[in-house]
Amino acid sequence: MAFQASPFLHPGTVSQTDRLAIVHLKRDLQLPTILRDHDEDNEGYAEGKVVNTRFGSFPHTTLIDLPWGSQVRASKVDTGSRGRRVKKRKRAGSAENSGPTKKVAKVDSEEAPIVDIAAEEAGTATPNTPAVKEETEAVAAASGFIHLLPPTPENWTSSLPHRTQVVYTPDYSYILHRIRARPGTNIIEAGAGSGSFTHASARSVFSGYANDQGVDGSPPKKQKLGKVWSFEFHEQRHEKLQKEIKDHGLEGLVQITHRDVCEDGFLVAGASPGADAVFLDLPAPWLALPNLSRSKPPPKHNGGRSKEATPTVPEDASSDTTKPWISPLNPSAPVHICTFSPCIEQVQRTVSAMRRLGWVDIEMVELSQKRFEIRRDRIGIDHSAQLGVQVSPANVDEAISRLLDVEDTFKSFHETGEKTELKKRDRPNPNNRAKILESLVGRKVYKEGNLAHRSEPEVKTHTSYLVFAVLPEEWTAKDEEEAKLRWEVKAREDSEKPKEVIGMSKRQIKRTAREAHKLKAAAKTASMPGDETREHAEGVNDNTLKGKGGVPEEACGSIKQELT
């Protein structure tokens with residue numbers, strides 16, 4: 001089988017058979033469909049596989065090999081006879097039916113096989129013998145159209161089948177930015193749900209395929225290939241998402257595992273994903289945080305579990321608990337994490353568990369999206385034939401002309417007793433080709449009216465609290481020894497370095513001498529004996545000069561001699 005790139009990564013310029021496409025009906029209303037050139041489910045349409053919408057029916061044959069963004073008209077499809085019970089024809093040669101036999105499809109139920117009636121009456125039919133039918137070419141209908149768009153994570157988020165509450169584009173775009181998702185990154189996603197974040201993260205980490213050659217046939221480049229390691233607890237959601245990943249060509253970029261990460265951890269087949277970033281969309285993310293450690297945490301760091309238990313190793317990894325702890329994180333780089341919680345109580349418990357487990361730079365963010373609708377408000381009686389226009393006089397002149405017409409009709413009715421009406425041929429048609437061209441070229445209707453913008457009354461996103469944190473690299477004893485060898489630290493001894501003597505200027509010496517003379521005079525006038533006065537003056541001079549004044553030893557001796 002030839003290699004095909006994912007339509008989410010390389011959609012090409014036109015739609016192709018057996019590839020995903022998005023049918024855009026209107027704003028916030030899109031349908032995903034895989035284009036088929038024939039009807040594999042035998043739905044009974046003569047035109048083959050058909051997409052039925054509120055704007056009409058669209059056979060897949062009219063959607064294949066079209067440039068992305070094309071507008072497609074609806075087709076005339078006979079939906080009334082589909083699935084009807086078809087009666088058996090009489091045997092050939094009977095009185096009621098003497099003509100040649102025809103092949104008619106008999107459908108007893110939706111699960112019943114289609115059987116060729118003529119072959120059944122001849123005795124050569126089998127339950128797996130399909131009826132022979134020829135697909136007819138689709139005929140365009142008078143009204144109804146859709147637009148054909150390429151699959152992107154944004155379009156897929158708007159059109160995917162909701163199995164759980166999804167992470168919308170405003171949220172996952174900010175999350176991928178904060179957790180440093182880039183080509184070549186390994187991301188752990190717990191709680192895949194409907195797969196909205198899965199498709200967006202797969203596009204963010206994509207840096208090439210693991211095949212021998214590139215998409216365009218060029219030789220492969222030696223580079224780190226990114227991958228999304230997704231985990232889902234619900235079995236049915238896991239099976240559906242696994243099928244979607246296969247249909248969308250993302251098998252090499254996304255590996256989804258059915259597991260309870262709170263109990264069994266994040267190892268896959270006993271190996272570490274080596275994640276650089278983590279996204280947890282779980283009811284209790286604090287229970288999964290101990291399994292995202294760089295080393296085996298102690299029993300008290302169990303994130304608030306009722307039982308004192310350490311994170312366990314998955315059964316497929318190893319049943320021997322004596323083996324060393326294997327971390328699912330990248331050991332050589334900081335790991336960024338984001339948790340998605342709708343309640344503030346969940347945030348509080350998550351933050352408490354993060355602080356105990358060594359996460360830093362913890363921050364909580366709430367996103368609120370508000371979209372604005374921009375349109376032109378037009379009013380006036382002249383626009384009464386158009387939809388969405390307020391039928392009222394646009395100005396005083398139009399109101400006066402309207403009143404004159406009403407008065408003329410009223411006056412004519414009372415004079416003649418008959419109501420004057422314009423004939424059909426005299427009444428202009430505002431929707432004919434001439435009027436439309438005149439309005440587009442001359443009047444420029446699209447520029448009329450007042451340009452206004454209004455915010456949407458409803459918030460179209462899932463409001464939740466985003467908790468971000470960073471787990472730095474682990475500093476081991478080996479790193480400490482290497483740091484000591486690389487940056488040698490020498491302890492300084494006081495005896496090795498002589499004390500520095502700060503010299504004094506002549507001005508400072510004179511100022512200190514004057515202060516000493518004042519102290520000497522104060523000591524002489526005191527009422528104490530001469531010997532005690534001399535001792536007090538000498539003591540004060542020593543303390544003042546040496547301790548507080550900062551006078552050098554040689555200067556202190558000369559000043560003291562002058563005082564005594």
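Keep in mind that the numbers below use all heavy atoms, side chains included, and drop hydrogens, waters and symmetry copies.
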Flag yes if more than 12 heavy atoms outside [X] fall under 6.0 Å of its [atom1] atom; otherwise flag no.
X: R486; atom1: CZ; answer: no
X: H177; atom1: NE2; answer: no
X: F233; atom1: CZ; answer: no

Within 45° of the six-membered ring axis of W229 and under 6.0 Å from that ring's centre, is NZ or CZ of K227 located there?
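Relative to the ring axis of W229, which defines the angle, K227 lies inside both limits.
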
For the residue pair S15 and L35, establish whether any side-chain heavy-atom pair is separated by less than 4.5 Å.
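They are in contact (side-chain heavy atoms under 4.5 Å apart), so the answer is yes.
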
Could you tell me whether the side chain of Y174 reaches within less than 4.5 Å of the side chain of F468, counting heavy atoms only?
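SC-SC contact between F468 and Y174 confirmed.
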
Just by distance, with hydrogens left out, do T169 and E154 show a side-chain donor and acceptor under 3.5 Å apart?
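Side-chain D/A pair, T169 to E154: absent.
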
[X] with [Y]: basic N within carboxylate O range, under 4.0 Å:
X: E251; Y: K246; answer: no
X: E232; Y: R259; answer: no
X: D276; Y: R180; answer: no

Of all residues at least two apart in sequence or in a different chain, which pass the side chain to side chain donor-acceptor pair (under 3.5 Å) check with T476?
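Counting only residues at least two positions away or on another chain, T476 forms a side chain to side chain donor-acceptor pair (under 3.5 Å) with D479.
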
R294: what forms a salt bridge (Lys or Arg N to Asp or Glu O under 4.0 Å) with it, not counting sequence neighbours?
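By the salt bridge (Lys or Arg N to Asp or Glu O under 4.0 Å) rule, R294 matches no residue at all.
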
F231 and F266 aromatic ring geometry - parallel, tilted or perpendicular at 30°/60° bounds:
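Taking F231 first and then F266, their aromatic rings stand perpendicular (interplane angle over 60°).
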
Please verify the inter-ring angle class for H147 with F145; under 30° counts as parallel, over 60° as perpendicular, anything in between as tilted.
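H147 vs F145 ring planes: perpendicular.
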
